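For reference, the structure is listed below as structure tokens.
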Amino acid sequence: MEVHACSIRACLESDVVVGSAIIDMYSKCGRIDYASRFFNMMPVRNVYSWNSMISGYARHGHGDKALELFMRMKLDGQLPDHVTFVGVLSACSHVGLVDEGFSHFSSMKEVYGLAPKMEHFSCMVDLLGRAGELDKIEDFINTMPMKPNVLIWRTVLGACCRTNGQKTELGRKAAEMLFELEPQNAANYVLLANMYASGGNWDGVAEARVAMKKAAAKKEAGCSWVKMKDGVHVFVAGDKSHPDNDMIYAKLKELNRKMRDAGYVPETRFALYDLEVESKEEILSYHSEKLAVAFVLTRNSRLPIRIMKNLRVCGDCHMAFKYISKIVGRVIILRDSNRFHHFDEGKCSCGDYW
């Protein structure tokens, strides 16, 4: 916002390049409302302006708005480019529009003469994976004019993680390709372990962890952070190092009680360890994003709660945040490694499709 103010003082607010960057900045900072307002006030727009707004809507789970804007873009006479279609295909993926996604994918070459690139194929694999159509993924990959890269295979493996162990053969194939291409990337081993854990295959989980150790791959620690007036506060799962530790855990205990009274049941399948149910519930209750939201709620404020997380949010925390938003009457905006989630009155902007 300070930089935006600088652009106004420098009489550059109407500059289309600066304006496009402001839209991109606001959407990536979680203020899609500011981005949209600025976009609609722009006196002149170019392809970068349209792309920034379309991608912003897609990133925030507003797939319908992204596709509506794409129609406006074409009616305005602005031709789309490769970046436009990454945003459009991502929007289709985030709201599960498989047929429409394939229609836009085909139009790239047939209508606009744009040859799809690796990132467009990745969007289509993601679209099929999120829609649960994994049987079509392998056929689609076989039609690609280029050799699949790590982005494609990681998308495939990530999709297999969401099938509760039903597509382990495809997942293993994707993992093998990833180990060949990126043997020291710990994320690949973690995804494989998660796939096995989702189906209760604890031997497979152990094998994946042994393989990660042999490859000397270091797993990135999951953490969440919030920015307050007194600085940035970072949390990891089970963290007890914060100066306000006692208040945070007391608030968390209070929230857990109120959530259970409202009907919340911990989704223990997201505790990826071979433990008793009670132990799994305890692990889930101390995830970093829950500690972060509990911390914010120890402070007096009615502003929206903004939390950042370096990994994908788990299904249990996603469910818990819906309950918390309704219980405390606050909007919670969570940015994970994939997208933004806006929780308000017990609902999420993603419509539970993520």
Side-chain angles (χ1 to χ4, degrees), residues 61 94 126 129-130 132 154-155 157-166 171 186-202 204-205 208-209 212 219-226 234-239 248 252 255-256 259-260 262-296 305-327 332-343 346-354:
H94 284 310
D126 187 55
R130 288 180 190 275
R154 194 173 296 123
T155 302
L157 184 52
C160 292
C161 289
R162 298 190 286 268
T163 63
N164 296 325
Q166 294 178 14
N188 302 327
Y189 300 92
V190 172
L191 280 172
L192 180 62
N194 289 353
M195 181 191 74
Y196 284 131
S198 69
N201 182 352
W202 303 111
V205 172
R209 288 174 179 164
M212 182 167 72
K219 179 186 173 184
E220 181 182 15
C223 66
S224 299
W225 62 97
V226 290
V234 183
F235 300 88
V236 296
D239 196 351
I248 292 168
L252 199 54
L255 288 172
N256 278 327
M259 284 195 296
R260 286 177 183 271
Y264 163 74
V265 177
E267 296 195 39
T268 54
R269 63 194 173 96
F270 293 107
L272 304 175
Y273 298 91
D274 188 15
L275 299 168
E276 295 297 324
V277 173
E278 292 79 5
S279 298
K280 287 186 175 186
E281 289 181 4
E282 185 176 4
I283 287 172
L284 290 172
S285 68
Y286 300 144
H287 275 187
S288 63
E289 53 268 56
K290 286 178 181 167
L291 293 174
V293 78
F295 164 68
V296 176
I305 300 168
R306 301 178 186 281
I307 298 173
M308 306 293 183
K309 183 175 172 66
N310 65 335
L311 303 177
R312 185 176 184 267
V313 63
C314 83
D316 179 72
C317 288
H318 188 272
M319 177 64 73
F321 274 28
K322 289 197 294 180
Y323 277 95
I324 293 170
S325 69
K326 190 167 187 178
I327 289 166
I332 302 173
I333 301 165
L334 170 69
R335 191 209 75 185
D336 68 5
S337 59
N338 286 357
R339 61 184 290 167
F340 283 89
H341 296 267
H342 296 249
F343 301 91
K347 295 180 181 178
C348 180
S349 59
C350 72
D352 296 337
Y353 189 90
W354 54 284

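Throughout, residue positions are numbered sequentially from 1 according to the sequence presented. Computed from a predicted structure; not experimentally measured.
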Derivation of the side chain to side chain contact (heavy atoms under 4.5 Å, CB included) call for Asn194 and Val190: CA-CA 6 Å; Asn194 289 353; Val190 172; 3.8 Å; yes
Which residues share a side chain to side chain contact (heavy atoms under 4.5 Å, CB included) with Leu191, sequence neighbours left out: Arg154, Leu157, Cys161
For Val293, the option from Ile248, Leu252, Ile305 that meets side-chain contact (heavy atoms from CB on, under 4.5 Å): Ile305
Atom pair CD1/CD1 of Ile307 and Ile333 - distance to nearest 0.5 Å: 10.0 Å
Student check: side-chain heavy atoms of Phe343 and Lys326 closer than 4.5 Å: no
Cys223 side, atom SG; Lys309 side, atom NZ - distance, nearest 0.5 Å: 7.5 Å
Which residues share a salt bridge (Lys or Arg N to Asp or Glu O under 4.0 Å) with Lys322, sequence neighbours left out: Asp352
Non-hydrogen atoms of Ala320 and Met259 that approach each other most closely: O-SD, 3.6 Å
Phe340 and His342 aromatic ring geometry - parallel, tilted or perpendicular at 30°/60° bounds: tilted
Exercise: identify the closest heavy-atom pair between His318 and Cys350: NE2-SG, 3.3 Å
With Ala262 via side chain to side chain contact (heavy atoms under 4.5 Å, CB included) - residues at least two apart: Tyr323
Over all atoms of both residues, closest heavy-atom pair of Tyr264 and Met319: CD1-CG, 4.1 Å
Straight-line distance of Ser349 OG to His94 NE2, nearest 0.5 Å: 10.0 Å
Straight-line distance of Leu334 CG to Arg339 CZ, nearest 0.5 Å: 10.5 Å
Side-chain donor/acceptor of Asn338 to backbone N/O of Arg312, under 3.5 Å: no
Heavy-atom closest pair, residues Asn310 and Ser337: O-CB, 3.5 Å
Under the ring pair (Phe, Tyr, Trp, His ring centres under 6.0 Å) test, residues paired with Phe235 that sit two or more places apart: His242, Phe295
Those residues that, when tested against Tyr189, pass ring pair (Phe, Tyr, Trp, His ring centres under 6.0 Å) (two or more places apart): Phe179
From CA spacing to verdict: side chain to side chain contact (heavy atoms under 4.5 Å, CB included), Ser325, Lys347: CA-CA 8 Å; Ser325 69; Lys347 295 180 181 178; over 6 Å; no
Closest heavy-atom pair and its distance - Ile332, Ile324: CD1-CG2, 3.9 Å
Side chain to side chain contact (heavy atoms under 4.5 Å, CB included) between Val226 and Met308, intermediate numbers included: CA-CA 6 Å; Val226 290; Met308 306 293 183; over 6 Å; no
Side chain Ser224, main chain Glu289, donor-acceptor under 3.5 Å: yes
Ala208: partners by side chain to side chain contact (heavy atoms under 4.5 Å, CB included), with sequence neighbours left out: Leu192, Ala193
